[in-house]
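Owing to the predicted nature of the structure, the values given are computational and were not obtained by experimental measurement. First listed ligand is number 1; within each ligand, the first listed atom is number 1.
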Amino acid sequence: MSRERLPTDRPLRPATRLIHEGESRSTFGEMSEALYLTSGYAYDTMEAAEARFDGSDPGYIYSRFSNPTVSTFERRMMALEGAEAARATASGMAAVTAAMLCQVKAGDHVVAAKALFGSCRYVVEDLLPRFGVASTLVDGADLEQWRAAARPETKAFFLESPTNPTLEVYDIEAIAKIAHQAGALLVVDNVFATPVLQRPLSLGADVVVYSATKHIDGQGRTLGGVVLSSEKFVTDHLQTFLRQTGPSLSPFNAWVLAKGLETLALRVEKMQANAAAIADLLADHPKVKRLVYCGRDDHPQAALVKKQMAGGGTLVAFTLDGSKAEAFRFGNALRIAKISNNLGDAKSILTHPATTTHQRLSPEARAELGITDAMLRLSVGLEDRDDLLEDVSIALKAV
Ligand SMILES: *Cc1c(COP(=O)(O)O)cnc(C)c1O
């Protein structure tokens with residue numbers, strides 16, 4: 001096996017590293033990354049096996065905890081994020097669950113923003129307390145609430161920004177400072193921003209998690225996740241947890257995701273340009289009561305977006321003048337954008353959060369988050385911009 005000989009005398013930019021980082025060619029010299037679809041590894045001798053297990057030979061042992069194709073994906077993610085370490089997982093939820101569970105024990109406490117992806121909220125609100133880890137949910141935009149919620153036994157703060165589906169933005173740098181003053185780590189779910197537009201580690205976060213199912217795959221093929229952090233977090237907490245509990249990413253899916261990373265920057269750029277055009281159309285339309293897009297100057301936290309994100313992203317949230325009936329009529333009239341609950345796909349996707357992703361929440365909890373019956377979330381894809389604009393315009397006429 002030979003490693004790619006990337007220049008080390010000058011810093012390479014993310015778009016280059018996403019294409020070349022983490023290559024490990026076999027003796028055949030293949031151009032496209034080899035797919036090591038193997039669960040285990042054979043050792044030449046008994047002594048070699050012993051050396052692998054005592055750590056004196058750092059090679060692979062078992063694909064539950066390491067695999068060359070999975071490593072390629074992890075090394076590309078590290079390069080993109082500027083992280084010391086990364087561990088891939090079978091899904092985004094496996095990444096979130098591992099990142100939170102690996103660092104707590106009964107008696108500990110975590111603080112999280114209320115506006116979380118539904119399953120993340122389950123982990124914090126229901127799962128952790130069952131094992132004696134208390135949790136407090138706060139309004140993520142209110143720094144005072146983060147400060148007030150911290151206790152001596154607080155181990156972690158957890159948030160996502162921008163939030164799903166309301167696209168609220170939280171001050172990662174300020175919240176990281178509050179976490180650190182309290183002796184806690186800040187974990188950020190960075191799915192909505194993508195690693196191209198926001199790098200939470202550079203803003204002071206300690207751990208970043210992704211559902212690679214979204215923009216990183218970007219073509220709706222596989223589930224996947226990844227946790228990025230310091231080497232110390234992996235050694236102290238994550239490595240043993242993953243190794244012993246086994247939420248491992250399949251080498252096949254890792255290969256798909258590593259190839260997805262090669263085009264990530266390009267895709268996010270184009271999807272974002274499409275999203276900005278759709279946001280402008282919706283903002284000026286009489287049938288739209290409220291439009292939220294992180295890339296517009298009328299976003300409630302536009303200054304914060306400029307400070308911590310390199311663009312407005314690929315998602316648009318809007319509220320029609322009406323109720324569930326109007327939202328459904330709009331969705332049913334779309335011909336190009338699909339009705340689904342995923343996001344970050346090449347195909348545009350419309351979601352009605354109140355009846356799908358956030359159906360599990362009580363009406364009061366939805367109201368508190370600003371998720372009304374007339375609200376829709378559009379994940380803007382890679383289609384031709386004018387076709388998408390026409391699709392949205394026609395659907396608005398049907399409302
Ligand atoms: C989709 C998503 C997840 C969960 O990821 P899966 O790959 O579906 O398990 C977690 N957080 C956010 C913000 C998401 O959008």
Side-chain angles (χ1 to χ4, degrees), residues 70 73 77 86-101 112-127 137 140 156-170 172 186-198 200 205 207-228 242 245-250 252-254 256-257 260-261 264 268 271 275 294 309 313-317 340-345 347 349-353 356-361 369 371 377-381:
V70 176
F73 170 58
M77 284 303 306
R87 288 293 181 275
T89 55
S91 68
M93 280 323 302
V96 170
T97 307
M100 298 306 289
L101 276 183
K114 267 179 212 145
L116 287 180
F117 181 77
S119 301
C120 297
R121 190 154 156 164
Y122 162 79
V123 169
V124 170
E125 206 176 9
D126 299 355
L127 184 66
L137 294 176
F157 279 20
F158 180 51
L159 63 85
E160 76 188 57
S161 177
T163 61
N164 173 35
T166 48
L167 306 181
E168 255 195 309
V169 174
Y170 301 149
I172 295 175
L186 174 62
V187 181
V188 174
D189 180 336
N190 203 37
V191 165
F192 271 52
T194 83
V196 176
L197 301 176
Q198 179 170 274
V207 181
V208 178
V209 293
Y210 287 100
S211 163
T213 316
K214 312 294 166 56
H215 303 81
I216 293 173
D217 169 37
Q219 294 175 68
R221 301 163 295 192
T222 73
L223 293 174
V226 60
V227 183
L228 297 120
L242 291 176
T245 62
S248 330
L249 181 64
S250 143
F252 182 82
N253 291 351
V256 172
L257 296 172
L261 283 178
L264 178 69
V268 168
M271 289 156 81
C294 295
M309 292 176 70
T314 68
L315 287 126
V316 174
S340 187
N341 41 272
N342 200 1
L343 61 103
D345 198 286
K347 298 178 173 73
I349 293 174
L350 183 84
T351 310
H352 185 244
T356 60
T357 53
H358 291 70
Q359 194 188 106
R360 203 184 68 87
L361 293 184
L369 296 174
I371 303 169
R377 180 190 86 188
L378 187 64
S379 166
V380 183

Once you restrict to heavy atoms under 4.0 Å, what part of E160 touches ligand 1? Side chain, backbone, both or neither. side chain
Should you measure from each heavy atom of M93, which atoms of ligand 1 turn up under 4.0 Å away? 4 (C), 5 (O), 6 (P), 9 (O)
Can you find a non-hydrogen atom of D189 under 4.0 Å from ligand 1? yes
Judged on heavy-atom distance to atom 8 (O) of ligand 1, which of S211, G224, S379 sits nearest? S211
Please confirm whether V96 comes within less than 3.5 Å of ligand 1 when only nitrogen or oxygen atoms on both sides are compared. no
Return a yes/no value for G92: is any of its N or O atoms, backbone included, closer than 3.5 angstrom to an N or O of ligand 1? yes
Got a second to check how far N342's CG is from T351's OG1, nearest 0.5 Å? 8.5 Å
CG (L343) and OG1 (T314) are apart, to the nearest 0.5 Å, by 7.0 Å
Would L223 and N253 satisfy side chain to side chain contact (heavy atoms under 4.5 Å, CB included), going step by step from the backbone distance to the final call? CA-CA 7 Å; L223 293 174; N253 291 351; 5.5 Å; no
Residue and atom name of the nearest protein heavy atom (relative to atom 7 (O) of ligand 1), distance in Å to one decimal: T213 OG1, 2.6 Å
For the CE atom of M271 and the CG atom of D345, what is their distance to the nearest 0.5 Å? 7.0 Å
Give the residue and atom name of whichever protein heavy atom lies nearest to atom 4 (C) of ligand 1, and the separation in Å to one decimal. F117 CE2, 3.5 Å
Within a reach of under 6.0 Å around NZ of K114, are more than 12 heavy atoms found that belong to other residues, nucleotides or ligands? yes
Among all protein heavy atoms, pick out the one at the shortest distance from atom 2 (C) of ligand 1; state its residue, atom name and that distance to 0.1 Å. K214 NZ, 2.4 Å
If I take atom CG from residue N341 and atom NE2 from residue H358, how far apart are they, to the nearest 0.5 angstrom? 11.5 Å
Between CG of D217 and CG of L261, what distance do you get to the nearest 0.5 Å? 10.0 Å
